[in-house]
2 protein chains.
Amino acid sequence: MSRQKSQPYHHGQLREALATSGRTLLEEKGIRGFTLRECARRAGVSHAAPAYHFASIDDLLAELATRGFDELAAAMTAEAARADGSATGQLVAQGIGYMAFAAGNPALFQLMFSREANRLEAGPLAAASEAVRALHGAAVEAAIPHASGEIKQRMTDFAGASMHGFIALVLEGEIGGKDSSRALKARGLALLSAMAETVVRVGA
Amino acid sequence: MSRQKSQPYHHGQLREALATSGRTLLEEKGIRGFTLRECARRAGVSHAAPAYHFASIDDLLAELATRGFDELAAAMTAEAARADGSATGQLVAQGIGYMAFAAGNPALFQLMFSREANRLEAGPLAAASEAVRALHGAAVEAAIPHASGEIKQRMTDFAGASMHGFIALVLEGEIGGKDSSRALKARGLALLSAMAETVVRVGA
DNA sequence: TTTCGCCTCTTTCCAGCGTAAAGATTAGAA
DNA sequence: TTCTAATCTTTACGCTGGAAAGAGGCGAAA
């Protein structure tokens with residue numbers, strides 16, 4: 001990612017390059033260890049160059065979080081496409097995609113749900129996170145089409161909370177600290193199954 | 001908290017004072033806005049004074065997180081004491097205490113579950129967080145005394161995940177962004193009820 | 001009681017940080 | 001070709017966490 005002779009001054013793709021180097025840097029050093037200067041260094045530009053593309057370090061972090069939400073939505077959709085067409089199958093598959101993304105990008109996942117990235121109300125970050133919520137909400141409602149609006153809301157809360165809470169606690173080491181990766185996946189799957197069962201039972 | 005004539009040089013209670021000023025500072029500025037120097041300033045000492053009591057800023061943050069876990073355990077116990085003696089009542093009450101603590105100390109709660117505080121395996125932080133887990137695990141097992149060990153584990157995962165996930169998503173604004181505080185409490189209570197019902201149903 | 005050593009805190013210093021301002025360079029339009 | 005705006009570098013500032021050295025105060029040993 002360092003500057004080449006073919007790009008002696010204008011980088012041309014600096015915004016993209018910063019997002020790329022920023023993402024790896026974030027996973028390597030964590031949120032507190034993330035610095036704008038190191039990010040610029042890895043992109044091969046001076047430490048002040050990012051200022052033109054991002055108003056502040058928080059702005060860059062918000063961009064990373066936004067891209068994270070986009071990718072999370074894609075992971076949920078992709079996993080759902082691989083599952084059978086049943087409503088509960090879709091719901092569980094979405095959860096698998098959600099957890100797999102979180103496990104593969106723990107620091108980014110933490111940033112996305114950390115409130116450190118200042119999400120302006122109408123900003124792209126809020127839209128991207130809303131898209132994930134919509135995806136999940138649709139899956140829950142599809143599983144309980146005849147339920148009342150209130151039940152649907154409660155079951156969406158319930159499904160989202162258990163799915164998110166489980167992987168969050170796993171990443172934190174609060175759950176399955178000594179478990180193998182395989183055993184952990186089984187626990188996750190068991191949780192998603194119990195969640196889906198409850199949703200259809202209450203919402204029937 | 002500034003230095004008085006009665007304590008011209010030796011502070012005497014500096015460790016405590018730093019933990020106190022650190023806690024308010026954390027809630028005011030968030031994890032990323034937390035600085036050791038401002039913390040020392042508020043305690044009325046020079047910026048290098050904390051070094052004697054805390055090896056690094058991460059060490060101070062770990063102390064704050066540890067105290068947070070102690071307080072969280074106390075909040076869960078206190079709320080459970082106010083509830084009826086039924087096993088599910090205890091489980092729900094613990095959840096209320098958990099959520100109330102998180103809502104009242106959002107930045108601290110986030111720090112506790114942020115992996116930023118480097119939790120050494122055998123450190124006091126790990127012990128304090130383990131105590132909270134034990135408290136919750138005992139409540140779940142008391143609700144399903146005849147269940148197998150595997151079911152108990154799965155239901156502990158399940159209960160902990162939904163409880164933690166819900167309040168985490170609320171703090172993040174992912175759930176109930178427009179709701180009033182009252183409505184939000186109702187949603188939380190509904191979630192805890194659904195959680196407890198599922199635990200006793202599956203574990204029966 | 002005096003002295004001495006250790007604990008606690010301050011002062012000073014350093015490199016690194018985010019950000020602002022000004023200068024340099026380039027691309028593309030006129 | 002020349003001019004202008006966009007992009008990047010250089011420089012500078014106040015802040016940060018931490019290390020090192022010095023000062024002050026307490027308690028034990030004489």
Side-chain angles (χ1 to χ4, degrees), chain A residues 1-26 28-65 107 111 114 116-118, chain B residues 1-26 28-65 107 111 114 116-118:
Chain A
M1 203 59 67
S2 60
R3 196 147 48 92
Q4 302 299 327
K5 280 178 289 183
S6 58
Q7 297 172 341
Y9 210 97
H10 274 56
H11 190 291
Q13 311 276 34
L14 185 51
R15 190 180 171 92
E16 281 298 313
L18 287 171
T20 303
S21 67
R23 172 148 179 183
T24 43
L25 177 60
L26 180 64
E28 279 181 30
K29 302 292 179 61
I31 296 180
R32 266 182 76 83
F34 185 95
T35 73
L36 196 57
R37 287 169 107 108
E38 173 65 19
C39 185
R41 226 172 275 135
R42 294 188 179 199
V45 294
S46 78
H47 70 270
Y52 190 84
H53 299 277
F54 300 98
S56 68
I57 188 173
D58 287 324
D59 198 36
L60 171 52
L61 289 175
E63 170 77 16
L64 294 179
L111 171 69
S114 74
E116 296 290 338
N118 62 340
Chain B
M1 202 58 69
S2 58
R3 195 147 48 92
Q4 303 298 330
K5 281 178 290 184
S6 60
Q7 297 173 343
Y9 209 98
H10 274 57
H11 191 292
Q13 311 276 33
L14 185 51
R15 190 180 172 92
E16 282 298 314
L18 288 170
T20 303
S21 67
R23 173 149 178 182
T24 42
L25 177 60
L26 180 64
E28 280 182 31
K29 303 293 179 61
I31 296 180
R32 266 182 76 83
F34 185 94
T35 73
L36 196 57
R37 287 169 105 108
E38 174 64 19
C39 185
R41 225 171 276 136
R42 295 188 179 200
V45 295
S46 78
H47 72 269
Y52 190 85
H53 300 277
F54 300 98
S56 68
I57 187 172
D58 287 324
D59 198 36
L60 172 51
L61 289 175
E63 170 77 16
L64 294 179
L111 171 69
S114 74
E116 297 288 338
N118 62 340

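In what follows, chains are A, B, ... by sequence order, proteins preceding strands, each numbered from 1.
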Distance, rounded to the nearest Å, where A:Arg15 contributes CZ and D:dC8 contributes P: 12 Å
task: Give the minimum heavy-atom separation between A:His53 and A:Asp59, together with the two atoms involved.
output: O-OD2, 4.5 Å
field: d(CD, A:Gln13; P, D:dA6) in whole Å
entry: 18 Å
task: Write down the distance between CG (B:Leu14) and C1' (C:dC9), rounded to a whole number of angstrom.
output: 9 Å
- request: Using the side-chain contact (heavy atoms from CB on, under 4.5 Å) rule, take A:Glu38 and A:Glu28 through it: C-alpha gap first, then chi angles, then the decisive distance, then the call.
  value: CA-CA 12 Å; A:Glu38 173 65 19; A:Glu28 279 181 30; over 6 Å; no
- request: Take A:Thr20 and A:Gln13 through the side-chain contact (heavy atoms from CB on, under 4.5 Å) test and state the conclusion after the steps.
  value: CA-CA 11 Å; A:Thr20 303; A:Gln13 311 276 34; over 6 Å; no
message: Whole angstroms only, please: what is the CG-C1' distance between A:Asp59 and C:dA20?
response: 16 Å
- prompt: Expressed in angstrom and rounded to an integer, what is the separation of A:Glu16 atom CD from D:dT7 atom P?
  reply: 14 Å
statement: Of all heavy-atom pairs linking A:Ala107 and A:Leu26, the shortest is CB-O, 3.4 Å
- prompt: Looking only at side-chain N and O atoms, does B:His53 come under 4.0 Å of OP1 or OP2 in C:dC7?
  reply: no
Per-nucleotide protein contact string for nucleotides 14-20 of chain D (B base, S sugar-phosphate only, - none; heavy atom under 4.0 Å): --BBBB-
- prompt: Please walk me through it: do B:Phe34 and B:Leu111 pass side-chain contact (heavy atoms from CB on, under 4.5 Å)?
  reply: CA-CA 11 Å; B:Phe34 185 94; B:Leu111 171 69; over 6 Å; no
query: Between A:Glu63 and A:Arg15, is the closest basic N to carboxylate O distance under 4.0 Å?
result: yes
message: Regarding A:Ala49, tell me which of base, sugar-phosphate or nothing describes its non-hydrogen contacts under 4.0 Å with the strands shown.
response: base
